[in-house]
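In listed order, ligands and their atoms are each counted from 1.
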Amino acid sequence: MDLARFPRRRYTPWPTPIEKLAHLSRELGGPEIYLKRDDLLGLAGGGSKTRKLEFLMADALARGADTIITVGAVQSNHCRLTLAAAIKEGLKCRLLLEERVPGSYRPEASGNNFLYRLLGAEQIRVVAAGGLNAALPEMVSEAASPAHKSQEGRRTYVIPVGGSTPLGALGYVACAQELLSQCFDLGLQFDHLVCTSGSAGTHAGLLVGLLGNSSRLPITGINVSRPRAEQEAIVHTLAEQTAELAGLRGAVPRETVLCLDEWLGPGYSLPTAAMIEAVKLLARLEGILLDPVYTGKAMAGLLELVKRGQFAKGEKVLFLHTGGSPALYAYQQAILGNPGLG
Ligand SMILES: *Cc1c(COP(=O)(O)O)cnc(C)c1O
């Protein structure tokens, strides 16, 4: 697929590595597990949003924006990386945070919240769950109206939750192409790809990129925010829109969309025992930092699927590590307990 007609900024000058997790594979005694290290993407702290922002920021610049407004949860990797991209491009950035778990916003919290302040967000506004739709237009018109008669209002560019628009999802169409060319170069053939499925841009982009390159690599999405049917519908719709934008002929078959919800636990960003176990296991066996909200739950899913025999012995399973480790610092107690010696 030819993505060259889309303006793109580059925030990572090389492909992210593919690494075999030898210790984990041996421990599990089934399939061979590999990581695609998208936690090593560019911008402050890395992670999947960097790929989406390459296309979204290029669009913002082409439209002459001077202020980016974006939204996310209180520990949002997307907000951190959007802020970092805006700084790199010389733009201002304002954040609208949704307190999806009531009472979860603490101005002094560590993790991504600390980084919003360190990176110098121009404005941070916090609303209760469900408050985004009302607050976002207010923030936009507030920015667009001049503070003084002598000044001009801001030219704003809004990036929706997770950067998961068809344009943002092109970042993961590009990732699928990068992955296929790496596999070709390395002489590697994967049997399964496992990724996190949240605001869906990652999952949808990968689907379109693989489909558009005639790859038969099946994707297993692990949900972090919604039940299965709801998530599959969201991924499918976004994949169809992304396919159209990318110029892919033919529909995205509905049966290629698989989103498992068994590792979501009580809800988005809420810790589960399986997440904690997966985060500890990867840290102690491989020296890999997962995150508590996304990749910890997705890895918990992968581990259990292996235990159930879902992947055959000798098969090669690739886990997309989408980043998020800065959020670990806001979950120290949940993960290691008190006094933190676990
Ligand atoms: C946002 C995010 C995801 C989920 O990606 P979506 O495109 O929103 O589905 C996964 N992992 C991390 C670390 C993220 O920040």
Please confirm whether Y34 and F319 have ring centers closer than 6.0 angstrom.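 Ring centres of F319 and Y34 not closer than 6.0 Å.
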
Ligand 1 to [X] polar contact by distance, N or O atoms, under 3.5 Å:
X    : value
T202 : yes
Y294 : no
S48  : no
N77  : yes
G162 : no

Give, for atom CZ of F311 and atom CG of L302, the distance between the pair rounded to the nearest 0.5 Å. 5.5 Å

Would you say the side-chain atoms of N113 and Q75 include a donor-acceptor pair closer than 3.5 Å?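 Distance-only check fails for N113 and Q75.
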
Lys/Arg-Asp/Glu bridge criterion (N-O < 4.0 Å) met for D38, R51: yes

Counting each atom of ligand 1 from 1 as listed, which ones have a heavy atom of [X] under 4.0 Å away?
X    : value
K52  : 6 (P), 7 (O), 8 (O)
T196 : 10 (C)
T322 : 10 (C), 11 (N), 12 (C), 13 (C)
G201 : 7 (O)

Among all protein non-hydrogen atoms, which one is nearest to [atom], and what is the separation to 0.1 Å?
atom                    : answer
atom 8 (O) of ligand 1  : S199 OG, 2.5 Å
atom 14 (C) of ligand 1 : K49 NZ, 2.9 Å
atom 13 (C) of ligand 1 : G323 O, 3.1 Å

Which pairs pass salt bridge (charged side-chain N to carboxylate O under 4.0 Å, His left out) with one or both residues in residues 95-112, sequence neighbours excluded?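 Output for this query lists E98-R100, R106-E108.
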
Shared hydrophobic cluster for L41 and Y11 (ILVMFWY, side-chain gaps under 4.5 Å): no

Steps toward side-chain hydrogen bond (donor to acceptor under 3.5 Å, both in side chains) verdict (H78, T70): CA-CA 9 Å; H78 166 71; T70 197; 2.8 Å; yes

Heavy-atom contacts under 4.0 Å between H78 and ligand 1: side chain, backbone, both, or neither? neither

For G324 and ligand 1, answer yes if some heavy atom of the residue is under 4.0 Å from a ligand atom, otherwise no.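 Yes.
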
Out of K297, R308, R228, which one pairs with E262 under the salt bridge (Lys or Arg N to Asp or Glu O under 4.0 Å) rule?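 Exactly one candidate clears the test, R308.
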
Does the Lys NZ or Arg CZ of K49 fall within the cation-pi geometry relative to Y294 - under 6.0 Å from the ring centre and within 45° of the axis? yes

